[in-house]
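Before any comments, here is the structure.
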Amino acid sequence: MEELKEEEKKSLNFIEEIVEEDLRSGKYTSILTRFPPEPNGYLHIGHAKSICLNFGLALKYGGKTNLRFDDTNPVTEDTEYVDSIKEDIRWLGFEWANEFYASDYFEKLYGFAIRLIEKGLAYADDSTSEQIAALKGTPTEPGKESPYRNRSIEENLQLFGEMRTGKFKDGEKVLRAKVDMASPNMQLRDPILYRIKHALHHRTGDKWCIYPMYDFAHGQSDSIEHITHSICTLEFATHRPLYDWFIEKLEIFPSRQYEFARLNMTYTVMSKRKLLQLVEEKYVNGWDDPRMPTISAFRRRGYNPESIRLFVEKAGVQKRDNLIDLALLEFYIRDQLNKIAIRRMVVFDPLKLVITNYPAETEWLKSEDNPEDKDSAQRDIPFSKEIYIEREDFMENPPKKFFRLAPGQKVRLKSAYIIQCEQVVKNDDGGIKEVRCIYLPESKSGGDHSGLKVPGTLHWVSIQHAVTAELRLYDRLFKVEDPSNEEGDFKEYINPDSLHIIRSAFGEPCLKNAKFDDRYQFLRKGYFCLDQDSSEEKLIFNRTVTLKDSWGKENKKN
Ligand code: ATP
Ligand code: MG
């Protein structure tokens with residue numbers, strides 16, 4: 001029994017251990033976490049990690065999670081982002097207890113700042129940002145005090161009030177905390193609490209012209225909401241003493257901050273600033289371009305939320321930064337899609353095949369939608385005298401072990417018959433115009449009594465019944481594993497072949513009825529889903545993922 005407990009403990013991540021201890025010791029009776037996105041871009045797979053962690057903890061320990069928009073920077077924020085963030089969290093499968101906005105706390109935060117001034121712990125500083133930086137010192141050298149540091153409480157109260165009422169221009173003054181200019185922790189060298197910014201805010205409009213800085217807004221918002229465990233990424237570890245300083249001096253609810261490593265993934269970039277550049281400079285077609293690492297892009301590309309949650313969980317909760325292989329995410333997607341995807345035949349690059357001994361009529365053949373599913377539905381596929389096969393599935397002079405079609409060779413057409421190639425008809429330019437075959441009527445799939453075993457099975461479509469579709473084949477967006485860590489601009493490492501479009505592929509007629517939620521496996525080709533650009537006139541499919549990890553193989557070869 002004890003051993004079992006030990007085992008369970010080992011499988012907990014370090015934050016779960018802290019939470020369990022806090023509940024066991026009675027420090028808290030229930031936990032409250034929060035997910036605090038800044039609405040200045042779309043959520044990416046890194047955010048998914050934070051979402052799964054915060055919401056996951058609350059679900060596991062019977063607590064709650066708030067969604068709090070950290071909207072303290074008026075210039076970069078937008079309601080479009082707010083809406084997309086909510087949609088993405090819900091799509092991932094989570095629901096928040098409360099929807100809050102840091103901007104709703106502006107009045108309270110202002111009050112907190114006044115309280116600090118009254119305690120002699122904050123002051124208005126007229127220095128320019130350059131002057132402040134010059135006095136800040138270095139990690140090994142203490143900073144120097146600002147000439148404005150010892151203003152009286154009354155003067156500070158008056159100046160801060162005037163900052164609020166708009167007496168000063170942007171940058172003319174800031175409010176700083178009076179902590180310690182000689183602290184070895186640079187974050188404690190009189191951090192800025194408020195700056196002046198005459199800008200419209202997406203929620204408060206022109207009500208405010210002073211805005212709180214991240215450190216002042218974030219921790220105090222946690223405290224206002226009584227967040228028990230405030231989980232953030234490692235780069236904020238050095239901010240923790242300041243987080244605690246505010247709580248102590250303001251005597252407010254003691255939220256606690258814990259840091260974990262960001263999730264980074266190979267062959268992409270993960271900072272919103274960089275993703276925004278890709279969008280604005282049109283390297284991709286918007287935030288939800290299926291090549292992006294955003295949640296909305298994954299959704300459009302046909303990934304399902306389960307696979308993203310599994311991936312994020314597998315990546316673990318670490319205390320050291322790491323780079324997770326995109327192949328792991330693709331592994332989970334494939335695994336899920338293999339179970340649920342409906343099988344269809346689509347010819348990407350057609351070669352005409354005429355079955356000379358087949359009557360001029362249509363026969364409807366049966367095939368299973370998904371052989372992985374024992375309750376799979378069946379569909380009808382039309383078979384006729386003229387069909388398309390994949391150009392690469394035929395060779396006039398094949399090498400040994402080419403188990404596809406070649407003169408004199410036999411193959412099976414999936415769910416249909418065995419055929420044998422009799423003749424190759426050429427164009428004037430020597431290219432192959434069509435291939436002529438005979439079929440073996442006794443070899444019909446499901447009732448085969450030909451006694452023949454052929455090694456190859458090809459996908460095909462009947463020409464007169466085929467529907468045409470555009471296919472969008474995606475590859476990795478970058479040529480190198482970690483573009484942010486290479487010399488020069490990350491955009492130099494963009495993969496120029498990350499999108500390949502096939503304008504007209506030929507598919508089974510039932511694809512006409514494809515729905516956005518359907519997941520397909522185009523036999524021998526990959527997993528696909530209908531793209532949102534698709535219409536009745538024009539079918540468009542995205543390749544979600546290839547059938548196998550061909551990159552892995554290629555890399556091994558090299
Ligand atoms: P970016 O650097 O991509 O702009 P951010 O940290 O500025 O990200 P926020 O909107 O502030 O973006 O993030 C909301 C929450 O998601 C924060 O708690 C942040 O720590 C977390 N988060 C952001 N990126 C990652 C990541 N790559 N891995 C894990 N958590 C992340
Ligand atoms: Mg941020």
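First listed ligand is number 1; within each ligand, the first listed atom is number 1.
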Can you find an N or O of [X] that's nearer than 3.5 Å to an N or O of ligand 1?
X      : value
Met270 : yes
Asn40  : no
Gly46  : yes
Arg262 : yes
His44  : yes

Which atoms from ligand 1 have a heavy atom of [X] less than 4.0 Å away?
X      : result
Ser271 : 3 (O)
Thr233 : 20 (O), 29 (C), 30 (N), 31 (C)
Leu263 : 26 (C), 27 (N), 28 (N), 29 (C)
Pro37  : 10 (O), 14 (C)
His47  : 8 (O), 9 (P), 10 (O), 12 (O), 13 (O), 14 (C), 16 (O), 22 (N), 23 (C)

*Could you tell me whether Phe260 approaches ligand 1 through its side chain, its backbone, both or neither, with non-hydrogen atoms closer than 4.0 Å?*
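Contact part for Phe260 vs ligand 1: side chain (C-beta onward).
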*Check each heavy atom of Arg273 against ligand 1 and say whether those closer than 4.0 Å belong to the side chain, the backbone, both or neither.*
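Near ligand 1, Arg273 shows nothing, with every heavy atom at 4.0 Å or more.
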*Kindly indicate whether a cation-pi arrangement holds for Lys207 with Phe106, taking the cut-offs as under 6.0 Å to the six-membered ring centre and within 45° of the axis.*
no
_Cation-pi, Phe100 ring and Arg68 (6.0 angstrom, 45 degrees)_ =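 So Arg68 doesn't make the cation-pi contact.
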When you measure from the side chain of [X] to the backbone of [Y], do you find a donor-acceptor pair of N or O atoms at a distance under 3.5 Å?
X      : Y      : value
Asn13  : Ile15  : yes
Asp71  : Ala102 : yes
Arg301 : Pro290 : yes
Glu280 : Gln277 : no

*Hey, would you say the Phe311 and Phe331 ring centroids sit under 6.0 Å apart?*
no
*Under 6.0 Å between ring centres, would you say that holds for Phe298 and Tyr303?*
yes
